[in-house]
Amino acid sequence: MPQEAHVYSYSAVLMGSPILLKLFQHNEHLAHQVFRLIKHYENLLTVNRSPSEVMNINYAAGQHPVVVNPAVYQLIKCAKAASMLPNSAFNLAIGPLVKRWKIGFQGSSVPPAEDITALLALTDPGQVILDDAQHSVFLTRPGMEIDLGAIAKGYIADRVRDFLHSQQVFQGLINLGGNVQTLGGASLASGAAWSVGLKKPFAGPDELIGVIEVNGKSVVTSGTYERWFEFEGKHYHHILDPRTGYPLDNALHSVTIISQDSIDGDIWTTLIYGMGVEQGCACLANKPGIEAIFVTKDRKVVLSSQQLFTFTLQDPSYQLSLGCL
Ligand code: AMP
Ligand code: MG
C-alpha cells in the first residue's frame with residue numbers, strides 16, 4: 001500500500017495575487033522563506049510602483065542605459081528574444097499601452113485611436129538595447145516602458161521550485177495567481193499527479209471545464225476573462241495585441257500551456273494566444289516540451305498533444321478534440 005501523505009497549505013497575497021504553497025511537511029519557516037523570495041523578485045520586477053529595477057530602466061528612457069541585477073538582465077533578454085520573433089504577440093515594450101488602457105486597474109477606458117497609434121510607436125522591442133558586458137538596458141526613446149507582467153510570475157515560480165529543490169524538497173506546488181508550478185507528484189504513491197482545474201470562462205471561481213493532471217510540470221493559463229472591462233457592450237481584456245494596440249481578438253477564450261519551466265508557459269500562452277488554434281497547433285507540433293490547451297469561444301477544448309499531462313472534461317457543454325482542427 002502506498003503511504004498517504006498529508007498536504008499542508010500556506011497562503012499569502014503578493015504581486016496583487018493570491019499565492020498558494022503546498023508542502024508535504026508542516027514547515028512555516030520554509031513557507032515564510034518562499035514568500036520572502038517571491039517578494040524579493042516582485043520588488044525587482046514590478047512596474048506598478050517604484051522603486052524597482054524595471055522602473056529605473058523606464059525612468060531613464062531616452063536618457064541613459066541602466067545597469068541591472070544579472071537575474072533581471074537575463075529575464076529581460078529572454079523577454080526581448082520572445083518579442084523579436086516574427087509576428088510575435090509577445091512584447092516586453094508594451095508598457096505605454098498597458099498604462100494607457102489600465103485594464104484591471106481603476107480608471108480603465110478605451111483610448112482614442114490616435115492615442116493608440118502614438119503609443120504603438122513607443123513599443124518597438126528592437127529599441128530595447130541590451131549590453132551583455134555591462135548588464136545594462138537602454139530604452140532609446142522617451143516614454144518607452146518595459147512591462148514584464150506576462151513573464152514575471154512564470155520566472156518567479158521557477159525560482160521557487162529551484163529554491164525548494166535546494167532545500168531538499170522535491171514534492172509540492174506553488175500557485176502564483178493561477179500560474180502553477182508543481183514539484184514531483186501529489187502524494188507519496190508513485191506516479192500520483194497534481195490536479196489543476198481548467199476554469200470555465202466568466203463563470204464562478206469553482207466552475208471548471210475540466211481537470212488537468214501533471215507531475216513535476218508547470219501549468220499556465222492566459223485568458224480573456226482574467227482582467228477586463230466592458231464599454232458600450234464590448235469586452236476589453238488585458239492581453240494587448242502589439243500589432244494593433246487593442247486587446248487580442250480571435251476565436252479564443254484562453255490558452256493553457258503545460259511545460260517543464262513556468263517561464264516557457266508564461267511566454268508561450270501569449271505567443272500561442274496571438275496565433276490562434278490552427279497556427280498555434282502547427283507551431284507546437286515541432287516543440288515536444290510545450291503543449292497547449294485551447295478553449296474557444298464556441299466551446300471547443302483543443303489539446304495540441306498530450307504527452308506531458310492528462311485532461312478530463314467535466315463540463316459536457318464543451319466539446320473535446322485532440323490535435324489540430
Ligand atoms: P499574462 O497574465 O501572463 O497573460 O500577462 C498579462 C500581462 O502582461 C498584462 O497585464 C500586461 O501587464 C502584460 N501584457 C499585456 N499584453 C502583453 C503582450 N502582448 N506582451 C507582453 N506583455 C503583455
Ligand atoms: Mg504570461
Side-chain angles (χ1 to χ4, degrees), residues 15-19 41-42 45-49 52 54-55 58 75-76 78-108 111 116 119-120 122-126 128 144-158 175-181 199 201 218-229 236-250 252-259 261-276 280 290 292-295:
M15 300 187 291
S17 303
I19 312 286
Y41 282 113
E42 180 186 10
L45 302 175
T46 186
V47 288
N48 295 325
R49 59 180 160 72
S52 81
V54 179
M55 287 297 275
N58 292 345
L75 182 60
I76 289 175
C78 175
K80 181 178 171 182
S83 309
M84 298 299 285
L85 294 170
N87 202 29
S88 178
F90 187 99
N91 185 345
L92 86 161
I94 197 93
L97 281 165
V98 172
K99 287 279 159 63
R100 182 65 181 80
W101 279 93
K102 289 201 183 88
I103 300 175
F105 294 89
Q106 284 245 308
S108 46
I116 301 240
L119 293 171
L120 268 175
L122 294 173
T123 62
D124 177 1
V128 178
M144 285 183 71
E145 287 183 54
I146 288 179
D147 180 328
L148 299 177
I151 192 175
K153 284 182 186 152
Y155 174 79
I156 297 171
D158 292 338
N175 183 347
L176 301 180
N179 208 315
V180 176
Q181 176 61 277
K199 272 191 189 160
S218 154
V219 181
V220 179
T221 300
S222 279
T224 56
Y225 53 86
E226 290 174 316
R227 274 179 275 151
W228 55 279
F229 72 97
Y236 296 91
H237 65 85
H238 73 305
I239 306 161
L240 301 176
D241 188 337
R243 300 159 293 198
T244 65
Y246 289 84
L248 267 168
D249 188 13
N250 58 24
L252 292 169
H253 261 328
S254 70
V255 175
T256 300
I257 297 285
I258 296 93
S259 56
D261 290 330
S262 207
I263 189 169
D264 291 332
D266 221 356
I267 294 172
W268 278 94
T269 46
T270 308
L271 291 176
I272 292 290
Y273 190 178
M275 292 179 196
I290 312 278
I293 302 175
F294 302 86
V295 175

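This one's a predicted model, so the numbers in the text were calculated from it and none came from an experiment. Both ligands and their constituent atoms are indexed starting at 1 by order of listing.
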**Student:** Using non-hydrogen atoms of the residue, decide whether R227 is closer than 4.0 angstrom to ligand 1.
**Tutor:** yes
**Student:** Can you tell me how far apart CH2 (W268) and CG (D261) are? Round to the nearest 0.5 Å.
**Tutor:** 14.0 Å
**Student:** Going by the atom numbers of ligand 1, which of them fall below 4.0 Å from some non-hydrogen atom of H238?
**Tutor:** 2 (O), 6 (C), 9 (C), 10 (O), 15 (C), 16 (N)
**Student:** Measure the distance from atom 16 (N) of ligand 1 to every protein heavy atom, then report the residue, atom name and distance (to 0.1 Å) of the closest one.
**Tutor:** L240 N, 3.0 Å
**Student:** What is the nearest protein non-hydrogen atom to atom 23 (C) of ligand 1, stated with its residue, atom name and distance?
**Tutor:** I94 CG2, 3.7 Å
**Student:** Would you check the N or O atoms of N91, main chain and side chain alike, for any that come under 3.5 Å of an N or O of ligand 1?
**Tutor:** yes
**Student:** Of all N/O/S atoms in D266, which lies nearest to the Mg ion (ligand 2)?
**Tutor:** OD1
**Student:** Would you check if there is a donor-acceptor pair between the side chains of N179 and S262 at a distance under 3.5 Å?
**Tutor:** yes
**Student:** Has D147 got a side-chain atom pairing as donor or acceptor with G95's backbone, closer than 3.5 angstrom?
**Tutor:** no
**Student:** Counting both backbone and side chain atoms, is some N or O of L92 under 3.5 Å from an N or O of ligand 1?
**Tutor:** no
**Student:** Thinking salt bridges, do R49 and E42 make one under a 4.0 Å N-O criterion?
**Tutor:** yes
**Student:** Kindly indicate, with the supporting measurements, whether the criterion ring-ring contact (aromatic ring centres under 6.0 Å, His included) is fulfilled by W101 and Y236.
**Tutor:** CA-CA 9 Å; W101 279 93; Y236 296 91; 5.5 Å; yes
**Student:** Is the distance from the Mg ion (ligand 2) to the nearest N/O/S atom of A150 under 2.8 Å?
**Tutor:** yes
**Student:** Can K153 and S17 be counted as having a side-chain donor-acceptor contact under 3.5 angstrom?
**Tutor:** yes
**Student:** Hey, which atoms in ligand 1 end up nearer than 4.0 Å to a heavy atom of F90?
**Tutor:** 20 (N)
**Student:** What is the closest protein heavy atom to atom 12 (O) of ligand 1, and at what distance does it sit?
**Tutor:** D147 OD2, 3.0 Å
**Student:** When rounded to the nearest 0.5 angstrom, what distance separates OG1 in T224 from CG in L252?
**Tutor:** 9.0 Å
**Student:** Which of these, S222, P242, A150, G265, has its nearest heavy atom closest to atom 5 (O) of ligand 1?
**Tutor:** A150
**Student:** Ignoring hydrogens and angles, tell me if any N or O in the side chain of N175 forms a donor-acceptor pair with the backbone of G178 under 3.5 Å.
**Tutor:** yes
**Student:** Give the atom numbers and elements of ligand 1 that come within less than 4.0 Å of a heavy atom of A89.
**Tutor:** 18 (C), 19 (N), 20 (N)
**Student:** Below 4.0 Å from any atom of ligand 1, is there a heavy atom belonging to D266?
**Tutor:** yes
**Student:** About how many Å separate CG of L148 and OH of Y155, when rounded to the nearest 0.5 Å?
**Tutor:** 10.5 Å
